Amino acid sequence: MLLLKSKADTNRIKYLISLASHFINQKENKYGDLAKASYYLENALTLSNQINSANWQYQTQLMFARFYSKQHLRLKQSSAYESAISIAQKTWNKHLEANAWYFYFRKIPDTVSDYRNKTFYSRAEKAHALYKEVGNSFEEKYREATLLKAMADFHLEEEKFDLAIQELFEVIALDKKHKLRDLPMAYDLLSAVYERKGELSKALNYALLSVKTSQINHEELLDTYLNRVGAAYEAIGKPKESIAWYSKTLNGKDKKNPFRFIAAYDVTSQMIKLGEAKKALSVLNSIWAEVPDKNNEHIYFMHLGYGECYTALKKYDLAKKNFDILLADSTQESISNPFRTSVFFSISEFYFAQHQYALALKFAKKAKENQISMTLPRQIRLNEILYKIDLATNRPAEAVLRLQTFHKLRDSMLSQENLNTIERLQIEFQAAQKENDNEILRKKSQLQSQELNRIQLIKNVTIGGLVFLTLIIILIYGRSRLKKKLHNTLVKKKKDIDLAYAKLEINVQQKNKLIQEKESLIKEVHHRVKNNLQLTMSLLNSQSYYLEDLAAIEAIKESQHRLKSIALIHQKLYQTENLATINFHPYIFELIEYLKESLNDDKKISFELDILNLELDIAKAVPLGLIINEAITNIFKYSFPNAQKGKVEISLKEQQEHQYLLLITDNGVGFPPDFDYKMSNTLGLTLMKGLSAQIDGIFSMESNNGVTVSLLFTNTDENPIKPYE
């Protein structure tokens with residue numbers, strides 16, 4: 001109806017394209033629907049040309065591309081995208097050009113020839129370059145990151161590992177800057193690159209990081225991330241840990257998913273390494289029975305698993321049947337090149353176990369051609385087989401070379417640096433899991449609090465019911481019974497009431513016990529927070545040893561000081577009976593002593609403290625502690641250059657009822673002439689100003705024969721306790 005009423009202008013084109021989109025999107029894909037879509041699109045293109053509207057010519061070509069995709073007309077679909085790109089280039093609209101290149105890359109399936117001549121990579125590269133130049137919206141930045149990740153995947157297959165790593169770090173930077181989704185996928189691919197490159201500790205690090213990041217961001221924990229951790233452990237020769245991670249995928253909810261064939265092979269290949277070939281065969285048989293779909297490419301993994309199991313069990317006739325199936329299909333494009341390499345390796349093992357060295361050497365050499373795609377343990381085993389074959393066939397010179405390569409690869413996997421790094425990564429991952437446990441503990445505390453409220457409600461209802469019952473008893477028996485009988489009745493009811501109150505007393509005791517447990521849990525939370533902060537400080541300290549950039553090291557030290565100021569508060573709360581507030585007087589003394597020891601170096605700076613005995617809740621204590629930390633840190637960094645002597649005065653006094661003034665004064669060099677702290681965006685000043693606002697304080701700085709930092713704030717018992725961030 002809108003189309004019939006419209007004039008021959010852009011509105012009519014919009015209605016024509018909308019109708020075409022409607023018929024293209026029909027699920028049944030009937031010929032009549034596509035014919036209608038073609039009719040509307042031809043009219044839209046004709047009208048766009050008549051009114052010379054480049055924008056609607058572009059939109060029509062994109063819709064034509066969708067139309068041809070529905071019919072699987074790949075060449076016409078490509079032509080439509082190229083026409084859209086040409087229109088965008090003529091109008092100098094790089095946003096539209098980037099979108100056209102992006103859909104050209106994503107919507108047209110790449111063939112083997114596209115892959116080899118890099119045409120599909122070229123589309124991704126052009127789209128990425130344009131998004132990088134002009135992209136500013138969230139969706140454009142997401143597409144920029146997605147394209148760069150696809151380019152890194154291509155470079156991984158080309159074995160351009162350093163370029164792939166550089167591109168993936170750019171993806172991670174984009175994700176963090178613009179808060180994009182799917183960040184764990186970048187870590188997952190980065191792990192694969194480092195594994196292929198042979199840097200195994202980094203491969204494990206980023207595999208674990210993909211799992212941890214997906215948990216933190218509450219994203220779906222994909223099987224890919226779990227399998228990547230399993231592959232990383234497999235690469236460093238830890239079959240038990242590898243089996244544990246592969247099994248998370250194998251034992252998933254969907255028992256009929258053909259993808260389980262791959263997981264089954266991954267698990268059983270590691271079990272064979274542990275000498276559990278019979279158990280591995282049982283796993284394969286179980287998965288074979290559970291997955292009904294046997295007509296998919298994943299079945300090749302099952303044949304490979306059976307071949308390796310039967311070889312380990314010395315049932316060579318059964319192993320050969322499975323290997324013959326794989327060799328018959330080994331040239332098909334459906335089987336990946338790394339998989340064919342695994343097939344050649346396993347067949348080489350098969351013939352080597354039977355002392356058929358000529359055939360073992362044949363397939364070992366085929367596996368050797370793409371050795372880099374194999375895990376490091378398999379590369380080591382391959383060179384060991386080649387070495388033993390050379391010895392058995394009387395070729396000592398070749399055997400020496402194989403033996404050298406074998407020892408070089410094994411020493412690389414077992415290097416102390418790799419082992420130490422892997423141990424550290426496991427500890428860090430376990431620490432992250434403990435933080436999840438702390439979150440569970442906090443939730444448990446909330447549940448106990450709710451239970452206490454429920455008990456209190458029951459107590460109140462019980463008391464109210466007893467009072468009401470007593471009144472009814474008095475009224476009934478007062479009217480119908482004699483005084484003596486009434487007395488006896490009241491005595492009896494009194495006993496009932498005493499019994500009820502005895503039960504109430506038990507409830508009260510249970511409540512008190514729950515309160516004590518809650519207080520213990522809160523103290524434990526403070527203790528664990530303190531310990532976690534100290535662990536974080538230790539990890540930051542360890543990280544600084546690997547840094548050479550002085551600015552990065554200094555930033556880590558400042559972060560440690562901030563963490564220490566918070567940790568001291570939790571330590572105080574844990575050590576005292578009062579869990580609600582801390583005495584700020586001893587806390588400041590301990591904080592200043594810590595900062596003097598950490599920052600003083602060779603500076604001769606003295607401190608005078610005049611601190612009021614003031615009880616503060618954690619919502620005010622933490623921001624005040626951080627403000628003092630930042631102020632003292634700035635004094636050490638800027639107020640007394642060239643190790644000159646200096647003096648710092650810190651006071652906390654009551655101005656009027658419930659109003660307090662914190663002053664931090666030094667006699668240093670003061671501000672530079674053109675410095676305005678209100679306009680400064682340094683991290684330290686931003687923290688002090690932000691934290692002051694958080695506690696509704698008035699913050700100011702003055703430079704007069706030194707610098708004075710002042711903070712005026714209120715502290716009353718009525719102030720609600722707020723969580724600090």
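Note that the coordinates shown come from a computational prediction; the quantities given were computed from them, not determined experimentally. The figures that follow rest on heavy atoms only: side chains count, while hydrogens, waters and symmetry mates do not.
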Can a donor-acceptor pair be found, under 3.5 Å and without considering hydrogens, that links the side chain of Ser86 to the backbone of Glu82?
no

Between Tyr131 and Asn99, is any side-chain donor less than 3.5 angstrom from a side-chain acceptor?
yes

Please determine, by modelled atom types, if Thr249 and Asn227 share a side-chain donor-acceptor pair under 3.5 angstrom.
yes

Quick check: does any side chain N or O of Asn25 sit under 3.5 Å from a backbone N or O of Ser21, one acting as donor and the other as acceptor?
yes

Between Gly230 and Ser242, what is the shortest heavy-atom contact and its length?
O-OG, 2.8 Å

Report, as yes or no, whether the 6.0 Å neighbourhood of atom NZ on Lys689 holds more than 12 heavy atoms from other residues, nucleotides or ligands.
yes

Pair Lys179-Phe138, side-chain contact (heavy atoms from CB on, under 4.5 Å): steps then yes or no:
CA-CA 9 Å; Lys179 301 186 184 304; Phe138 176 86; 5.5 Å; no

Is the closest side-chain heavy-atom distance between His303 and Ile325 below 4.5 Å?
yes

Which heavy atom in Leu156 sits nearest to a heavy atom in Ala164, and how many Å separate them?
N-CB, 4.2 Å

Residues Ile243 and Gln270: closest non-hydrogen pair is CG1-CB, 3.5 Å

Donor-acceptor contact below 3.5 Å, side chain Ser348 vs main chain Phe344:
no

Side chains of Leu174 and Glu144 in contact at under 4.5 Å (non-hydrogen atoms):
yes

Under the side-chain contact (heavy atoms from CB on, under 4.5 Å) criterion, do Phe103 and Arg143 qualify, and how do the steps go?
CA-CA 10 Å; Phe103 289 120; Arg143 290 179 180 178; 3.6 Å; yes

Kindly indicate whether the side chain of Met271, heavy atoms from C-beta on, has any atom under 4.5 Å from the side chain of Leu274.
no

Keeping Ser214 on the side-chain end and Val211 on the backbone end, is there a donor-acceptor pair under 3.5 Å?
yes

Residue set satisfying side chain to side chain contact (heavy atoms under 4.5 Å, CB included) with Ala124, at least two apart, ordered chain then number -> Phe105, Leu147, Met151

Straight-line distance of Thr60 OG1 to Ile17 CD1, nearest 0.5 Å
3.5 Å

Please report the closest heavy-atom contact between Ala231 and Glu195, naming both atoms and the distance.
CB-OE1, 3.8 Å

Looking at Asp188 and Pro184, would you say the former's side chain and the latter's main chain have a donor-acceptor pair under 3.5 Å?
no

Report the C-alpha separation of Tyr68 and Phe64 in whole Å, then their side-chain angles, then the decisive distance to 0.1 Å, and conclude whether the side-chain contact (heavy atoms from CB on, under 4.5 Å) test is met.
CA-CA 6 Å; Tyr68 292 132; Phe64 262 119; 3.9 Å; yes

Could you label the plane-to-plane angle of the Trp245 and Tyr233 rings as parallel, tilted or perpendicular, counting under 30° as parallel and over 60° as perpendicular?
parallel

pair Tyr225-Met185: side-chain heavy atoms closer than 4.5 Å
yes

Restricting to pairs with a member in residues 259-269, which pass salt bridge (Lys or Arg N to Asp or Glu O under 4.0 Å), not counting sequence neighbours?
Arg260-Glu290

Please round to the nearest 0.5 Å and tell me the distance separating atom CH2 of Trp56 and atom CE of Met63.
9.5 Å

Please report the interatomic distance CD(Glu241) to CG(Leu204), rounded to the nearest 0.5 Å.
9.5 Å

Could you tell me which residues satisfy ring-ring contact (aromatic ring centres under 6.0 Å, His included) with Tyr194, sequence neighbours excluded, listed by chain and number?
Tyr206

State, with a plain yes or no, whether a side-chain heavy atom of Arg106 is found less than 4.5 Å away from one of Thr146.
yes

If we ignore hydrogens and angles and just use 3.5 Å, is the side chain of Ser69 paired with the main-chain N or O of Ala65 as donor and acceptor?
no

Taken to the nearest 0.5 Å, the spacing of Arg66 CZ from Leu41 CG works out to 9.5 Å

ring-ring contact (aromatic ring centres under 6.0 Å, His included) involving Tyr81 - partner list, sequence neighbours excluded
Tyr104

Distance in Å, Leu148 CG paired with Gln166 CD, rounded so as to fall on 0.5 Å steps
9.0 Å

Residues, nucleotides or ligands: over 12 heavy atoms within 6.0 Å of Asn681 CG
no

Can you list every salt bridge (Lys or Arg N to Asp or Glu O under 4.0 Å) pair that touches residues 162-177, not counting sequence neighbours?
Lys132-Glu170, Asp162-Lys197

Out of Leu226, Asp223, Thr268, Val283, which residue meets the side chain to side chain contact (heavy atoms under 4.5 Å, CB included) rule with Leu250?
Val283

At their closest point, which heavy atom of Ser191 faces which heavy atom of Ala203, and how far apart are they?
OG-O, 2.6 Å

Rounded at 0.5 Å granularity, tell me how far CD in Glu308 sits from CG in Leu284.
9.5 Å

Under 6.0 Å between ring centres: does that hold for Phe154 and Tyr121?
yes

May I ask you to check whether over 12 heavy atoms, not counting those of Lys362, lie within 6.0 Å of atom NZ?
no

Under a plain distance cut-off of 3.5 Å, with no hydrogens placed, do Gln77 and His72 share a side-chain donor-acceptor pair?
no

Indicate yes or no: at least one non-hydrogen side-chain atom of Ile262 is less than 4.5 angstrom from one of Tyr265.
no

Heavy-atom pair of closest approach, residues Lys149 and Leu189:
O-CD2, 3.6 Å

Determine whether Ile87 and Lys90 satisfy the following criterion, side-chain contact (heavy atoms from CB on, under 4.5 Å), listing intermediate values before the conclusion.
CA-CA 5 Å; Ile87 293 168; Lys90 288 178 183 178; 5.8 Å; no

In chain order, what residues pass the ring-ring contact (aromatic ring centres under 6.0 Å, His included) check against Tyr58, with sequence neighbours excluded?
none

Please test Lys94 against Glu97 for salt bridge (Lys or Arg N to Asp or Glu O under 4.0 Å), starting from the C-alpha separation and ending with a verdict.
CA-CA 5 Å; Lys94 293 186 177 181; Glu97 184 184 354; over 6 Å; no

